[in-house]
Amino acid sequence: MRVPRRPRLLIPVGIAIVALVIVLYIFAGFYTDYLWYDSVGFSSVFSTMLITQVLLFVVGAALMVGIVGGNMALAFRVRPMFGPGMFGNAQGADRYRLAIDPHRKVIFLIGMAVLALFAGSSTSGQWKTWMEFANATPVGKVDAEFGIDLSFFMFTFPFLRMVLNFLFIAVVLSAIAAALVHYLYGGFRIQTPGGVHASRGARAHLSVLVGVFVLLKAVAYWLDRFGLVFSDRGKVYGASFTDVNAVLPAKTILAFIALICAALFFAGVVRSGGMLPGVALGLLVLSAVLIGGVYPALVEQFQVKPNQQAKERDYIDRNIKATRAAYGVDNATVRQYGAETEAKPEVLQAESSAIPGLRLLDPTVLSPTYQQLQQIRGYYQFPEQLDIDRYKNPATGKVQDTVVAVREMGAPPAAQSNWINDHLVYTHGFGFVAAPGSAVDGGGVPSFNEKDIPPTQALGKYEPRIYFGENSPDYSIVGGTQGSNPVELDYPEQSTSGQKNNTYAGNGGVPIGGMFTRFLYALKYGETNLLLNSSINADSKIMYIRKPIERIQAVAPFLTLDRDPYPAIVDGRIKWIVDAYTTSDAYPYSEPHSLESLTTDVTSSLQPGVPQVPRDNINYIRNSVKATVDAYDGTVTLYAWDDTDPVLKTWQKAFGTIVKPASDISPELREHLRYPADLFKAQREILTQYHVTNPDSFFGGQDFWKVPEDPATKKSKQPPYYVTMKMPGVTQEKFSLTTTFVPNNRQNMAAFMAVDATADAKNAKLEILQLPSTTTIQGPPQAQNTFLTDPTVSAQLNILRGSGGATDVIFGNLLTLPFGGGLLYVEPVYIQPKDEAAGRFPTLQKVLVLYGQRVGFGDDLETALKQVFGEAGTTQPAEQNEEQTQPTQNEQAETPAQQATVSTALGKAQKAYEDAQAALSANPPNWQAYGTAQAALKAALDELAAAQKAATDPAPSPSPSATPAASGSATPTPTPTPSTPPQAP
């Protein structure tokens, strides 16, 4: 039945239209990508990646098609000359051949096209491996076993493995394809009886292919010798005793045996029969089993395991040295630290000046506070986790830790959400918010020194608009107008319209004024409004890929980025600062770890919008690049922070001058650079084991540490903290990144670690204070338990929780500081209403301090410190002995007047709390009344503390002349301490 002419014409027309649409979408994707790279000034990166991937695709596809297709063509060429039915009726292979033969060219071309697509895609996906090989930079160190520069293992070895795997696949596919062609065209047939009958040409062809495979196997055996530096057979990663003394010689022997076997297979070309190939196959399999498997297993079982510590000592030492060097912890200094529990007065006097300015505000707690007090309008947004930086306090002129954030654009109100508002009106955030980390006002809220809209600019003048940030919209169209009127919402103001509009005048974004460009972006986003909207004009630009991490990852795909970008006011602009790492998984002997597992702690879940770090294993990392993204125009700048890193040097050869030298960093930017948190987390995980440098001690593992759980949440690992502090023996305070360690299976303190967070890559050294293993100094979880079980603390926490537990008590970051020859714990305590409808947010109310066994709990840090150390830097008397602390028969009970005073103070505290709740519940919240209530609550708590102190102080002793006989009364007895603390109403 013939198909009518018109439908027959529609089929190719339809196919052509579909193909045209696909090509158009592909072109739109490529061209818009080019426009984006050109707009940020990194078009060379786009062209380098594109050309490299295209060339690798072509080379991989051509090689695979040439090898497999050539062998198929050769098999067809040497086929026996016969016609259909030569072996009887058309059946079996003849039947398949008769069906395929008329279409063999089409089938061959389609098959080769599919093979080329897969092979080319796989090869182009290995562009990073190729570029590292082509631009390899010597490391300057050699490995411990072969004496070869480490660059061979990091850059050359992975490429050789990639080429070898490609050739293995090509030869195996060639053998399968050639065998299929020989079978279809009679090169060999399966006969019964008699087995397989093969023609001379088929036998010779397949013998050569198998010989080539075995020859590649010989090369693989030889190359595997160098791969032993990545072995995981022994106690630690890297070549073990068995690898060096059994596997290494076995691989060498197997390589020569494989060469002999390959020669035997090649001999099958000129000598008929299956004896030589059979001998070769048997020899290859037998030697692989006995020499490659059984022999190393026997050495491991009978030589190593009975004496593993002695046998593996040298190889453990190699692993320790390589791992410490690869993770940058080989310069870590370990000092023994006594950790006193009683501080000497002169020591306190010398160190007390560093404590009052200690950061108390916790960036993981205060986001709701910033949101409520500085959001201004509901469409603005602050991140879930704020950041720590350093700024000069305008009031004191002193540089101090500061909690910072930017007011980003969230989303339009739900009722006003539409394409125009989403993409043309609500385009950017506005303003920088900062508060000194050690100061709060009378209500317990941060004392903002940079705030409001328009911004106060107390930290200097700067461009406040945030077009590029962590929560920026997917894409925005900026620079357009409605007639002569600006379209973009700039910021709210008290006027008839309630807002001030703006037209973007910066250099960021891709020009989208031309109709053709608008058409391509309409295809990219599937949005016809990009073509039809009248507000888009010749000056309009489209902004996309706006998150700092995504922008840097696009222009520098060879870098791994820290998950915590932070904003800073630099040279009159808000700039996002991002730490970038170069990594490798091919550093010989270095222990591999998942970067995700190394850097995950309780703060990771607070950054949902930030891309997760790769799960790939790494065993080398350097903070080699500092990157910035301008929040106004999106400019990306890369600086070589560690210019000695061979991985960075390799990529600089590949991509040219996209990374600027560190000397180009401006002085103002350098003031805000800091040691990266993710690198520090990775290094502390490595140092839980690799602080032990003696191989025998490492083998036993008795001194291994772990990172303690977070005391506040009881989850995961306690995060490291940025804080300005002094290390023992140092007179200068430094902005530092700190962490603690506890022994395995215990919670007492094992060590404290800090690094100068302001130092450059060459001078930043990890300093570890190791506590004596014979003492039991409290670790962070134990310190938290001490706080919670202290009677005075427990009683006042109950007051803070209010009647019926209406208030949540939130514990902030538990800071650990070396102080006075011991360890000082400082923890802020926040409260917030449980009722989520009350516009709740945390306010700082109390500060906990622990030194030794002494607990302080005050309204501020100074008060808490005085409770622990006494006035004027002097310690309180030592703890009383058991006889002094036990009540006696002569001690009198609490007086009615004292009970009345406590009851009155509790009533005032309850009233102040209720007034604060009422102020919060108002719509809008009455912040003035709330501050007054908080001040009243503080006064009530002070009155309660004074009453408790009066109850515990002994009555004054009589004068020596006032004897019982003369006075006619009994000797006055001291007022006892109440047996139970007063409870909240």
Side-chain angles (χ1 to χ4, degrees), residues 52-81 92-94 96-127 129-130 133 158-190 196 198-221 223 258 261-266 268-269 277 280-281 284:
T52 302
Q53 292 180 46
V54 168
L55 289 177
L56 288 175
F57 183 95
V58 171
V59 171
L63 282 176
M64 187 63 74
V65 169
I67 295 172
V68 177
N71 278 283
M72 291 180 70
L74 179 61
F76 180 78
R77 185 179 182 84
V78 300
R79 72 192 185 282
M81 302 305 295
D94 293 328
Y96 294 120
R97 176 172 55 80
L98 290 173
I100 292 174
D101 195 63
H103 312 288
R104 67 175 184 271
K105 290 185 178 180
V106 174
I107 294 173
F108 176 78
L109 291 175
I110 293 175
M112 290 300 100
V114 172
L115 184 62
L117 181 63
F118 280 101
S121 299
S122 175
T123 306
S124 65
Q126 300 291 328
W127 66 274
T129 303
W130 157 253
F133 167 74
F159 175 75
L160 295 179
R161 290 300 315 181
M162 183 192 79
V163 172
L164 202 56
N165 290 337
F166 179 90
L167 294 176
F168 269 123
I169 293 172
V171 171
V172 170
L173 291 178
S174 296
I176 294 173
L180 183 61
V181 173
H182 283 304
Y183 175 69
L184 289 176
Y185 288 92
F188 66 86
R189 287 178 174 270
I190 301 175
V196 178
S199 67
R200 181 180 180 84
R203 186 175 64 250
H205 187 195
L206 294 178
S207 293
V208 170
L209 286 175
V210 176
V212 171
F213 179 87
V214 177
L215 188 62
L216 290 175
K217 190 65 179 173
V219 177
Y221 278 134
L223 193 60
C261 293
L264 292 177
F265 277 110
F266 291 141
V269 175
L281 182 62
L284 189 66

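- A heavy-atom distance below 4.5 Å is found between the side chains of F57 and S121.
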* Run the side chain to side chain contact (heavy atoms under 4.5 Å, CB included) check on F166 and M64 step by step: do they pass? -> CA-CA 8 Å; F166 179 90; M64 187 63 74; 3.6 Å; yes
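- With rounding to the nearest 0.5 angstrom, the CE atom of M72 is 11.5 Å from the CD1 atom of I176.
- Judged as a side chain to side chain contact (heavy atoms under 4.5 Å, CB included), and not counting sequence neighbours, S122 has no contacts.
- Rounded to the nearest 0.5 Å, atoms CZ (F168) and CG (N165) are 7.5 Å apart.
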* Start with the C-alpha distance between L173 and I67, add both sets of side-chain angles, then the distance that settles side chain to side chain contact (heavy atoms under 4.5 Å, CB included), and finish with yes or no. => CA-CA 9 Å; L173 291 178; I67 295 172; over 6 Å; no
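- Taken from OG1 in T52 to CD in Q126, the straight-line distance is 13.5 Å, to the nearest 0.5 Å.
- Contact detail for A280 and L264: the closest heavy-atom pair is CB-CB, 3.6 Å.
- To the nearest 0.5 Å, atoms CG (L115) and CZ (F108) are separated by 9.5 Å.
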* Give the intermediate values and the outcome of side chain to side chain contact (heavy atoms under 4.5 Å, CB included) for residues R161 and L223. => CA-CA 8 Å; R161 290 300 315 181; L223 193 60; 3.6 Å; yes
* To do: Before giving the answer on side chain to side chain contact (heavy atoms under 4.5 Å, CB included), spell out for L164 and V219 the whole-Å C-alpha distance, their side-chain angles and the decisive distance to 0.1 Å.
  => CA-CA 8 Å; L164 202 56; V219 177; 4.1 Å; yes
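- Of all heavy-atom pairs between G69 and M112, the closest is CA-SD, 3.7 Å.
- Taking CG of L284 as the start and SG of C261 as the end, the distance is 4.5 Å to the nearest 0.5 Å.
- The two residues V65 and A116 make their nearest non-hydrogen contact at CG2-CB, 3.6 Å.
- Two residues are said to be in side-chain contact when any heavy atoms from C-beta on lie closer than 4.5 Å; V78 and R200 fail this criterion.
- Every residue meeting the side chain to side chain contact (heavy atoms under 4.5 Å, CB included) condition with F159, not counting sequence neighbours, appears here in chain and number order: T129, W130, F133, M162, V163.
- You'll find the side chain of F265 reaches within 4.5 Å of the side chain of L281, heavy atoms only.
- Judged by a 6.0 Å distance limit and a 45° cone about the ring axis, K217 is positioned over the six-membered ring of Y221.
- Taking each heavy atom of A179 and L206 in turn, the nearest pair found is N-CD2, 4.2 Å.
- Looking at heavy atoms from C-beta onward, L74 lies in side-chain contact with H205 at the 4.5 angstrom threshold.
- Annotation for G60 and A119: closest pair O-CB, 4.0 Å, computed over non-hydrogen atoms.
- Atom CZ of R104 and atom OH of Y185 lie 5.0 Å apart (nearest 0.5 Å).
- The cationic atom of R79 (NZ for Lys, CZ for Arg) lies less than 6.0 Å from the six-membered ring centre of F76 and within 45° of the ring axis.
- Looking at every heavy atom in both residues, A262 comes nearest to V214 through N-CG1, 3.7 Å.
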